[in-house]
Amino acid sequence: EVIITRWNETMELTNVVGNVYAPPGSDLPNVTNYCFVLKKKGFDQKTLVHQGQYIGTFSEEGFVVGIISEIISQNKYYSDPGMLKELSSRNINIEQYIPAQNWDLVLVFVSVQNYIPNINSEKDLPRLNERNWFHTIKTPTFPVRPGTPVYLIKDDIIGYILGIDNNDLHIGKLENYDNEVYLDINRVFNKHMAILAQSGAGKSYTVAVMIEELLKRETETPALLLIDTHSEYKFFSDKDPSLPNYQFSKKTKHINGNFVHIGVPNLSEYDFLKHQPNITNPQIRKLRPAIWECRKKYKNDKNFPEYGLNELITTVLEDDDNNKVSENLVAWLEDLAKLQLFAPTDSPVLGNILRTGHLTIIDLGNIISERKKQIILSYLLTRLFQMRRNDIIPPFIVFLEEAHNYCPETGGKDTAIARSILETIAREGRKFFAQLVLISQRPVKLSTTILAQCNTQLIMRVTNPYDINHIKASSEHLT
């Protein structure tokens, strides 16, 4: 065992659990994987190592950190099924005659994660106490050597290596360890994020915990916008002091999606084309002068244009050149009017819905029409991103539930209306401090363009092979 002193305390850093093994006929050890033979003492205890624990060993490059991916138990006396059948039929316990348990063999397979340079031997291990190596962690390019001792990395040091001990954004506990997991908020939200897992794996709970931790912060928290597709997050706006989430209600604004309206005067002919992709070029040319005419004709007492779809339709029909083009254009505008989404002014006022350190929930749970949800999201994000680029509103993070419905990999413009602005924010938003957090239970349906821009991925339980392969394809270091 190696003992070091840290923060005036004596603690166990790590202990040897085995040696790297080169199985005959295999390609192990290699750059990404190796296996080792577990010490007999550990097998007797059955508690020394577990799948998912972190393991360390040495290579020519430094101290290699890996995670246990598989554990296999073997014994040559129990490897012949015919002999086992014969012994069983005669009720013979072989261990009464032969110390077979002495030949127990446990092979532990390790997936290599990274290495810490300049820690090349046991005498260098106390240097793990130093913080200066943290930013020098690299991806291995050379395999470990057979016979090299393998160390089980204990709680305190693994928290140090993984960078989860910064007391920032608390999201839970590390499996197989006593470590509380704290994420560095600047590292997590400095880039776009994807939270991927199948239904029931805890995506919404994880998002709720993240938002709670962000709202608890007194400073350095951006504005938070949550697109709540299924009304799962209403509890953040609970006004009852007896409820556990009352503390967040003063920092939360809940907006019912049925009361969201799009101001028609804010829309150009090309905005209408986004919301109604079936509008043709001749109809666009007909719509443009009608919009100009409405902006001159319908003004409020502050001299701002104020008109709805009915006024626009009337203006189109008043054109002397009324023909089939006008009739078809009016039909498309009337189709939009059926959504009961368009009004003379925006509601709510978009410039006022985001505040630093506060949460705004757009609740779409009561809206049945998927198309209406798509149009609301497209318009909101388009306007908010424009205002962010012009520094009118503060930096913000958008949490998007059921992201695969709004930015699918396949589908035309009529079924994926919001995909364009989401891909734009994914490509350009980081420069303007506009971040995306995409939550999805079907990664395979999620736009590859957007997923590839999510440098931070929180992957929970995923069992569908198509989803797993899609995640692998979009993530460089996943296998």
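Residue numbers run from 1 in the order of the sequence given.
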Can you list the steps and then say if Asn179 with Lys173 is a side chain to side chain contact (heavy atoms under 4.5 Å, CB included)? CA-CA 6 Å; Asn179 299 63; Lys173 201 168 187 176; 6.0 Å; no

Should Ser447 and Leu422 count as side-chain neighbours, where that means a heavy-atom distance under 4.5 Å? no

Quick one: pull up NZ in Lys372 and CG in Leu377 and give me the separation to the nearest 0.5 Å. 14.5 Å

Enter the distance from Glu327:CD to Trp332:CH2 here, rounded to the nearest 0.5 Å. 14.0 Å

More than 12 heavy atoms from other groups under 6.0 Å of CZ on Phe248: yes

His230 side chain to Glu401 side chain, donor-acceptor N/O pair below 3.5 angstrom: no

Tell me, do Val444 and Glu409 make a side-chain contact under 4.5 Å, heavy atoms counted? no

Donor-acceptor contact below 3.5 Å, side chain Ser237 vs main chain Thr252: no

Smallest separation among heavy atoms of Val49 and Gln53, with atom names: CA-OE1, 3.0 Å

Mind listing the closest non-hydrogen atom pair of Leu174 and Val181 along with its distance? N-CG2, 3.4 Å

Please confirm whether the backbone N or O of Ala331 pairs with a side-chain atom of Asp335, one donor and one acceptor, at under 3.5 Å? no

Is it true that atom CZ of Arg355 has more than 12 heavy atoms of other residues, nucleotides or ligands lying nearer than 6.0 Å? no

With sequence neighbours excluded, what pairs up with Asp184 under the salt bridge (charged side-chain N to carboxylate O under 4.0 Å, His left out) test? none

Side chains of Ile425 and Ile421, heavy atoms from C-beta outward: is any pair under 4.5 Å? yes

When you compare the side chain of Ile284 with that of Thr280, does any pair of heavy atoms fall below 4.5 Å? no

For the NZ atom of Lys338 and the OG atom of Ser369, what is their distance to the nearest 0.5 Å? 12.5 Å

List the atom of Leu152, the atom of Tyr54, and the distance in Å for their closest heavy-atom pair. CD1-O, 3.7 Å

Are any non-hydrogen side-chain atoms of Arg371 and Leu341 less than 4.5 angstrom apart? no

Is a side-chain N or O of Glu61 found less than 3.5 angstrom from the main chain of Thr141, in a donor-acceptor match? yes

Side-chain touch Gln113/Ile67, heavy atoms, less than 4.5 angstrom: yes

Side chain to side chain donor-acceptor pair (under 3.5 Å) partners of residues 305-317, not counting sequence neighbours, each pair once: Asn300-Glu306

From Leu226, Thr229, Leu380, Val398, residue fulfilling side-chain contact (heavy atoms from CB on, under 4.5 Å) relative to Ile362: Leu380

Can you check side chain to side chain contact (heavy atoms under 4.5 Å, CB included) on Gln441 and Gln198, steps first, answer last? CA-CA 5 Å; Gln441 60 180 295; Gln198 65 190 45; 5.6 Å; no

Output all residues satisfying salt bridge (charged side-chain N to carboxylate O under 4.0 Å, His left out) with Lys216, sequence neighbours left out; order by chain, then residue number. Glu213

Quick one: closest heavy-atom pair of Lys299 and Lys296, and the distance? CE-O, 4.0 Å

Any donor-acceptor pair under 3.5 Å from Thr206 side chain to Gly202 backbone: yes

State whether the side chain of Gln453 and the backbone N or O of Ile450 hold a donor-acceptor pair below 3.5 Å, judged by distance alone. no

Assess, by modelled atom type and distance only, whether the side chains of Glu370 and Asn405 contain a donor and an acceptor separated by less than 3.5 Å. no

Phe385 and Phe432 aromatic ring geometry - parallel, tilted or perpendicular at 30°/60° bounds: perpendicular

More than 12 foreign heavy atoms under 6.0 Å from CD of Glu175: is that the case here? no

Applying salt bridge (charged side-chain N to carboxylate O under 4.0 Å, His left out) as the test, list every pair that has at least one member in residues 419-447; sequence neighbours left out. Arg389-Glu428, Arg442-Asp467

Evaluate the ring planes of Phe235 and Tyr233, with Trp represented by its six-membered ring, and classify them as parallel (under 30°), tilted (30 to 60°) or perpendicular (over 60°). tilted

If you count every heavy atom of other residues, nucleotides or ligands that lies below 6.0 Å from Gln247 atom CD, does the total exceed 12? yes

Does the side chain of Leu384 come within less than 4.5 Å of Leu225's, by heavy atoms? yes

Got a donor-acceptor contact below 3.5 angstrom from the Arg388 side chain to the Ile393 backbone? yes

Given side chains that start at C-beta, do those of Leu267 and Phe342 come closer than 4.5 Å, heavy atoms only? yes

What is the distance from atom NZ of Lys234 to atom CG of Asp238, rounded to the nearest 0.5 Å? 10.5 Å

What are the two closest heavy atoms between Pro394 and Ala223, and how far apart are they? CG-CB, 4.2 Å

As an exercise, state the distance from OG of Ser347 to CZ of Phe259, rounded to the nearest 0.5 Å. 9.0 Å

Check for a donor-acceptor pair, side chain of Asn30 on one end and backbone N or O of Thr32 on the other, with a separation under 3.5 Å. yes

Looking at Ser69, is its backbone amide N or carbonyl O close enough to the side chain of Ser111 to form a donor-acceptor pair, meaning the two atoms are under 3.5 Å apart? no

Can you give me the closest heavy-atom contact between Ile439 and Val207, atom names plus distance? CG1-CG2, 3.6 Å

Under 3.5 Å, is there a donor-acceptor pair between the side chain of His192 and the main chain of Leu436? yes

For Gln457 and Ala194, indicate whether the former's side chain and the latter's backbone hold a donor-acceptor pair under 3.5 Å. no

Tell me, which pairs form a side chain to side chain donor-acceptor pair (under 3.5 Å) where one or both residues lie in residues 253-273, sequence neighbours left out? His254-Asp363, Asn266-Asp346, Asn266-Tyr379, Ser268-Asp271, Glu269-Arg288, Tyr270-Arg288

Answer yes when Lys373 and Glu402 have at least one side-chain N-carboxylate O distance shorter than 4.0 Å, and no when they do not. no

Could you work out, with ring pair (Phe, Tyr, Trp, His ring centres under 6.0 Å) as the rule, every residue matching Phe189, not counting sequence neighbours? none

Could you give the distance from CD1 (Ile313) to CD (Glu334), rounded to the nearest 0.5 Å? 5.0 Å

Given side chain to side chain contact (heavy atoms under 4.5 Å, CB included), test Ile72 with Phe109 step by step and report yes or no. CA-CA 8 Å; Ile72 298 176; Phe109 292 82; 3.4 Å; yes

Between Val316 and Glu293, does a side chain to side chain contact (heavy atoms under 4.5 Å, CB included) hold up when you go through it step by step? CA-CA 9 Å; Val316 171; Glu293 180 63 26; over 6 Å; no

